[in-house]
Number of protein chains: 2
Amino acid sequence: MIDYTQLLKDYNLKVTPQRVAIVNELHNKGHINIDDLFHSLKSTFPSISLATIYKNINAMLEKFFVAEVKIPNAKSVYELTKELHSHLVCKKCNKIEDISLNTASLINEATKKSNFKLEDISVVFSGVCQECSK
Amino acid sequence: MIDYTQLLKDYNLKVTPQRVAIVNELHNKGHINIDDLFHSLKSTFPSISLATIYKNINAMLEKFFVAEVKIPNAKSVYELTKELHSHLVCKKCNKIEDISLNTASLINEATKKSNFKLEDISVVFSGVCQECSK
DNA sequence: CTGACTGCAAACGTTTTGCACGGTA
DNA sequence: TACCGTGCAAAACGTTTGCAGTCAG
């Protein structure tokens, strides 16, 4: 289990049991939406409130400690910030997987074809995962 | 001005002045969010309601006549469905442009590296447009 | 003429805010 | 101790629904 305590401190976020639980859940699940996160934490913290979840996720988003992933036809999910990667979403079971792809040539092409100074790229694939296509 | 009347009929949507205005606005602006669409149409239809906007956009989405584009850190925008393309978003002025890119090799790479049967791809670039970077 | 569409108002789900209490540093 | 975080309740949003009147086909 990775210790995120120091990371919370580095970002000037006080280390509370709720925050540690949120970070652990993000780490374990990889990607999770607000409602699932709330219900997961309810078992450990029966009195936790949605307001606490929102306040903390927003605080972590502001520190770029956590990132939001917007998914076509589904609720946004949150993940711990990591190196650039793309996402695969299963249309049947809604599972989300990370995938590392070489987007350099696509960024290159977009740079040549547009007049934008590009800074970020978001790539989300939708399809059917192996289990669901059996 | 392209005539979308027949297209509305083809999709079994009655041709009302509000619908024609919505389609024209989507055509003219390229991409627009619900609120901007509502305020644009207010000048022509002072008594138009948000409910009408939502009902129509949802009807058009169901017919795959209009598509939703989810944008990082911004409201979703809607566009008339066209051939596969990617989007460029300006972080300063929020302008959105279409860009046609060759995503075949990226899809190919994702297919090889994953166990998903891929069906769709969404690519959104964020950056600064030429005017805003002056 | 009939079913579909519009606009209003109310309902609903999600997210944010204010405040008193409690916990971290 | 001083501040920050939590949890509750209320408020603020964005979106959907029900309904009566109107319009397109």
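Just the heavy atoms: all of them, side chains too, but no hydrogens, waters or symmetry mates, feed the values below.
Shown here are the side-chain hydrogen bond (donor to acceptor under 3.5 Å, both in side chains) partners of A:E68, two or more places apart in sequence or in another chain: A:S76. Take B:S40 and apply the side-chain hydrogen bond (donor to acceptor under 3.5 Å, both in side chains) test, not counting sequence neighbours, and it matches B:E25, B:K29. Partners of A:E109 under the side-chain hydrogen bond (donor to acceptor under 3.5 Å, both in side chains) rule, at least two apart in sequence or in another chain, are A:K113. Residues that satisfy the side-chain hydrogen bond (donor to acceptor under 3.5 Å, both in side chains) test with A:D35, not counting sequence neighbours, are absent from this structure.
Residue B:N12 places none of its side-chain N or O atoms closer than 4.0 Å to OP1 or OP2 of C:dA4. For C:dG23, the OP1/OP2 oxygens have no side-chain nitrogen or oxygen of A:Q18 closer than 4.0 Å. Phosphate contact (OP1/OP2 of D:dC8, side-chain N/O of A:S49, threshold under 4.0 Å): absent.
Within residues 61-80 of chain B, no residue has any heavy atom under 4.0 Å from DNA chain C.
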Pairs: protein N or O with nucleotides 18-20 of chain C N or O, under 3.5 Å:
| unit_1 | atom_1 | unit_2 | atom_2 | d |
| --- | --- | --- | --- | --- |
| C:dG18 | O6 | A:K55 | NZ | 3.1 |

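In this structure, A:L41 places its CG atom 14 Å from C1' of D:dG7, rounding to the nearest Å. The CG-P distance, from B:N58 to C:dT6, rounds to 13 Å in whole Å. Remark: C1' of D:dT6 and CZ of A:F38 are 13 Å apart, rounded to the nearest angstrom. With rounding to whole Å, B:K42 atom NZ is found 13 Å from C:dT6 atom C1'. Note: CD1 (A:I53) to P (C:dT17) measures 17 Å, nearest angstrom. Nucleotide C:dT6 holds its P atom 10 Å from the CZ atom of B:F45, rounded to whole Å. In this entry the distance linking CD1 of A:I48 with C1' of D:dG5 reads 11 Å, nearest Å. Rounding to whole angstrom units, CG of residue B:L50 and C1' of D:dT16 are separated by 11 Å.
In this structure, B:N73 places its CG atom where only 12 or fewer heavy-atom neighbours from other residues, nucleotides or ligands lie under 6.0 Å away.
Alongside B:V77, the hydrophobic cluster contains B:V69, B:I71, B:V89, B:I96, B:V124 (criterion: ILVMFWY side chains under 4.5 Å). With a 4.5 Å cut-off between side-chain heavy atoms of Ile, Leu, Val, Met, Phe, Trp and Tyr, the cluster of A:F116 takes in A:L84, A:L88, A:I99, A:L101, A:L106, A:I107, A:L118, A:I121, A:V123, A:F125, B:L84, B:L88, B:I99, B:L101, B:L106, B:I107, B:F116, B:L118, B:I121, B:V123, B:F125.
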Item to complete: Report, as a single string ordered 5' to 3', how protein heavy atoms within less than 4.0 Å touch nucleotides 20-25 of chain D: B base, S sugar-phosphate only, - not at all.
Response: ----BS
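Among all heavy-atom pairs drawn from B:A104 and B:N102, the shortest one is N-OD1, 3.1 Å.
Note that CZ of B:F38 is 4.0 Å distant from CG of B:L50, once rounded to the nearest 0.5 Å.
Pairs passing the salt bridge (charged side-chain N to carboxylate O under 4.0 Å, His left out) check and including a residue from residues 41-59 of chain B, sequence neighbours excluded, do not occur. Residue pairs meeting the salt bridge (charged side-chain N to carboxylate O under 4.0 Å, His left out) criterion with at least one partner in residues 79-92 of chain A, sequence neighbours excluded, are A:E79-A:K82, A:K82-A:D98, A:K91-B:E119, A:K91-B:D120. Listed by first and then second residue, the side chain to side chain donor-acceptor pair (under 3.5 Å) pairs that reach into residues 122-134 of chain B are B:K95-B:E131, sequence neighbours excluded.
Base engagement by B:T52 is indicated by at least one non-hydrogen atom pair under 4.0 Å involving a base atom. Within the 4.0 angstrom heavy-atom criterion, no nucleotide atom of any strand lies near A:D35.
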